[in-house]
Visitor: 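The following block contains the structure, expressed as structure tokens.
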Amino acid sequence: LGSSLASATTLHVSVFDLHPFGGRDAEGKVVGIIPEILQEIAQETGFELNVRVVPYKRMFFELETGDADFAIFFRTPKSEQIAAPKVRVYTLRNIVVGKRGIDLLDYNDLYRHTISVPRGTFYQEKFDNDPVLKKTLVPGFSNAVNQLLEDRAELVAGPEISIVYHLRNLGLSKNILGQSFFLSNRSAWLQVSERSENLTPETLQILVDTVNKLHQNKTIENIMLKYN
């Protein structure tokens with residue numbers, strides 16, 4: 001990368017506020033999986049990345065207006081109206097799981113239990129739309145995990161990494177969990193605002209090549225392992 005291009009390139013990045021993917025710690029420092037990946041991208045490219053932690057809806061709005069040049073998040077039909085997916089950044093394993101003693105061997109086992117599900121999350125078409133499942137919708141993963149721990153729900157649904165992160169925050173190990181039922185793999189992509197004024201084709205290609213390099217040298221994998 002030419003130093004003149006690197007030094008002249010400032011990009012605005014919106015990170016959605018949801019631990020462990022993004023947020024701020026008690027001192028107000030930006031932390032999480034996505035900020036750590038962005039730090040590696042900045043180091044590799046020499047680009048200045050202006051990172052803002054915002055609510056999920058605000059991230060969409062900033063991509064729509066061009067206030068954010070790119071963000072890292074799941075692809076949806078709605079997202080692809082305002083941002084173009086360019087490269088896969090990481091993949092999450094979505095599961096349903098209960099405490100040790102409850103082993104979920106097939107989908108039918110889910111009908112026998114109450115399930116805490118974070119509101120606004122989607123994991124698998126059958127599971128998301130099954131009217132027979134006894135699901136309780138709650139705000140956020142920490143509430144979903146707390147319901148499981150307090151026996152207000154027998155199962156919790158979500159990305160395995162999120163469930164383990166919230167257990168660890170409470171000083172608990174994933175060893176307290178039973179055998180999980182796999183729902184889906186879902187990938188987060190680097191998605192570029194259709195209205196970005198700062199991303200040139202050359203800059204974009206450098207970003208894509210850099211993410212691919214961070215896959216090849218296991219940098220992204222190692223960041224993810226820290227949270228699992």
Side-chain angles (χ1 to χ4, degrees), residues 15-23 32-34 36-37 56-57 59-60 71-80 85 87-100 102-149 152-170 172-191 215 220-228:
V15 174
F16 61 88
D17 188 1
L18 180 67
H19 294 284
F21 306 102
I33 291 168
I34 294 171
E36 287 193 37
I37 293 170
Y56 207 88
K57 284 184 179 176
M59 178 190 72
F60 264 78
I72 295 170
F73 61 107
F74 291 144
R75 293 169 66 169
T76 64
K78 183 184 175 187
S79 76
E80 296 195 17
V87 63
R88 184 187 69 84
V89 179
Y90 60 79
T91 299
L92 300 182
R93 185 172 180 268
N94 296 314
I95 61 169
V96 185
V97 69
K99 287 183 182 175
R100 193 166 35 197
I102 297 180
D103 292 326
L104 305 172
L105 304 179
D106 61 39
Y107 188 91
N108 287 332
D109 290 338
L110 304 183
Y111 291 118
R112 292 199 286 274
H113 304 284
T114 54
I115 311 170
S116 186
V117 182
R119 187 176 290 113
T121 59
F122 305 96
Y123 302 116
Q124 184 211 60
E125 192 173 355
K126 181 179 179 182
F127 176 82
D128 297 336
N129 298 296
D130 192 334
V132 184
L133 289 174
K134 300 187 284 284
K135 290 189 282 192
T136 303
L137 301 180
V138 296
F141 289 107
S142 58
N143 288 314
V145 170
N146 284 338
Q147 282 210 326
L148 176 72
L149 297 174
R152 289 185 287 137
E154 295 162 297
L155 307 176
V156 62
E160 185 172 29
I161 199 168
S162 299
I163 295 166
V164 171
Y165 170 83
H166 287 292
L167 285 176
R168 193 187 293 170
N169 265 2
L170 296 167
L172 299 169
S173 156
K174 60 183 174 184
N175 294 336
I176 71 161
L177 302 174
Q179 184 173 327
S180 62
F181 178 76
F182 173 78
L183 288 175
S184 63
N185 285 318
R186 201 144 176 231
S187 295
W189 286 62
L190 189 152
Q191 301 187 58
H215 280 302
I220 292 174
E221 182 181 326
N222 288 332
I223 289 170
M224 301 297 287
L225 283 172
K226 282 166 50 180
Y227 290 85
N228 254 323

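Both backbone and side-chain heavy atoms feed into the values below; hydrogens, waters and symmetry mates do not. One-based numbering along the sequence shown.
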Visitor: How long is the straight-line distance from CD1 of Ile115 back to CG of Leu104, given to the nearest 0.5 Å?
Guide: 8.5 Å

Visitor: Regarding Asn228 and Tyr165, do their side chains bring together a donor and an acceptor under 3.5 Å, going by distance alone?
Guide: no

Visitor: Using every non-hydrogen atom in the two residues, find where Thr114 and Glu154 come nearest and quote the distance to one decimal.
Guide: N-OE1, 2.8 Å

Visitor: Would you say Leu18 and Phe141 make side-chain contact, with heavy atoms under 4.5 Å?
Guide: yes

Visitor: I'd like to check Leu167 versus Leu149 (side-chain heavy atoms, cut-off strictly below 4.5 Å). Are they in contact?
Guide: yes

Visitor: Are the side chain of Asp109 and the backbone of Asp106 linked by a donor-acceptor contact shorter than 3.5 Å?
Guide: yes

Visitor: Under the side-chain contact (heavy atoms from CB on, under 4.5 Å) test against Leu177, which residue among Val156, Ile95, Val97 passes?
Guide: Val97

Visitor: Would you say that Ile72 contacts Tyr90 through its side chain, given a criterion of any heavy-atom pair below 4.5 Å between the two side chains?
Guide: yes

Visitor: Are any side-chain N or O atoms of Arg186 and backbone N or O atoms of Phe122, one a donor and one an acceptor, separated by less than 3.5 Å?
Guide: yes

Visitor: Enter the distance from Leu172:CG to His166:NE2 here, rounded to the nearest 0.5 Å.
Guide: 13.0 Å

Visitor: Between the side chains of Ser79 and Gln191, is a donor N or O closer than 3.5 angstrom to an acceptor N or O?
Guide: yes

Visitor: If only atom types and distance count, is the side chain of His215 paired as donor or acceptor with the main-chain N or O of Arg88 below 3.5 Å?
Guide: yes

Visitor: Is there a side-chain contact between Ser173 and Arg168 (heavy atoms, below 4.5 Å)?
Guide: no

Visitor: Just so I know, are the side chains of Val117 and Thr136 near enough to count as touching, which here means a heavy-atom distance under 4.5 Å?
Guide: no

Visitor: Using a strict cut-off of less than 4.0 Å between a Lys/Arg side-chain nitrogen and an Asp/Glu carboxylate oxygen, indicate whether Glu160 and Lys174 qualify as a salt bridge.
Guide: no

Visitor: Is it true that the NZ or CZ of Lys57 lies under 6.0 Å from the centre of Phe16's six-membered ring and within 45 degrees of the ring axis?
Guide: no

Visitor: Within 45° of the axis and under 6.0 Å from the centre of the six-membered ring of Trp189, does NZ or CZ of Arg75 qualify?
Guide: yes

Visitor: OG of Ser180 to CD1 of Ile163: how many Å apart, nearest 0.5 Å?
Guide: 8.5 Å

Visitor: Is it the case that the side chains of Asn94 and Ser184 hold a donor-acceptor pair, with the cut-off being a distance below 3.5 Å and no angle test?
Guide: yes

Visitor: Give a yes or no on whether the backbone of Tyr111 and the side-chain of Lys134 come within a donor-acceptor separation of less than 3.5 Å.
Guide: yes

Visitor: Roughly how far, to the nearest 0.5 Å, is the CG atom of Leu137 from the OG1 atom of Thr121?
Guide: 8.0 Å

Visitor: Between Asn175 and Arg100, which heavy-atom pair has the shortest distance, and what is it?
Guide: O-NH1, 3.2 Å

Visitor: Can you confirm whether Ile102 sits close enough to His113 that some side-chain heavy atom of one is under 4.5 Å from a side-chain heavy atom of the other?
Guide: yes

Visitor: Tell me the closest heavy-atom pair linking Pro20 and Ile161, and the distance in Å.
Guide: CG-O, 4.5 Å

Visitor: If I compare all heavy atoms of Lys135 with all of Asn129, which pair ends up nearest, and what's the gap?
Guide: NZ-N, 4.4 Å

Visitor: Quick check for you: to the nearest 0.5 Å, what is the distance between Asp17 atom CG and Met59 atom CE?
Guide: 11.5 Å

Visitor: Taking all heavy atoms of Ala157 and all of Pro118, pick out the closest pair and write down the distance.
Guide: O-CD, 3.3 Å

Visitor: Can you see which heavy atom on Val15 is nearest to which on Phe21, and at what distance?
Guide: CG1-O, 4.4 Å

Visitor: Would you say the side chain of Val164 lies within less than 4.5 Å of the side chain of Tyr227, judging by non-hydrogen atoms?
Guide: no

Visitor: Quick one about Tyr107 and Gln124 (side-chain donor to acceptor, distance below 3.5 Å, no hydrogens or angles considered), yes or no?
Guide: no

Visitor: So does Gly178 get a backbone contact from the side chain of Lys99, meaning a donor-acceptor N/O pair under 3.5 Å?
Guide: no

Visitor: Would you check if the side chain of Thr91 reaches a backbone N or O of Asn185 as a donor-acceptor pair within less than 3.5 Å?
Guide: no

Visitor: Rounded to the nearest 0.5 Å, how far does CZ of Arg119 lie from CG of Asn143?
Guide: 9.5 Å

Visitor: Taking the side chain as every heavy atom from C-beta outward, state whether Val96 and Tyr123 have any pair of such atoms under 4.5 Å apart.
Guide: no

Visitor: Lys226 vs Glu36, test: side-chain contact (heavy atoms from CB on, under 4.5 Å). Steps then yes/no.
Guide: CA-CA 11 Å; Lys226 282 166 50 180; Glu36 287 193 37; 2.6 Å; yes

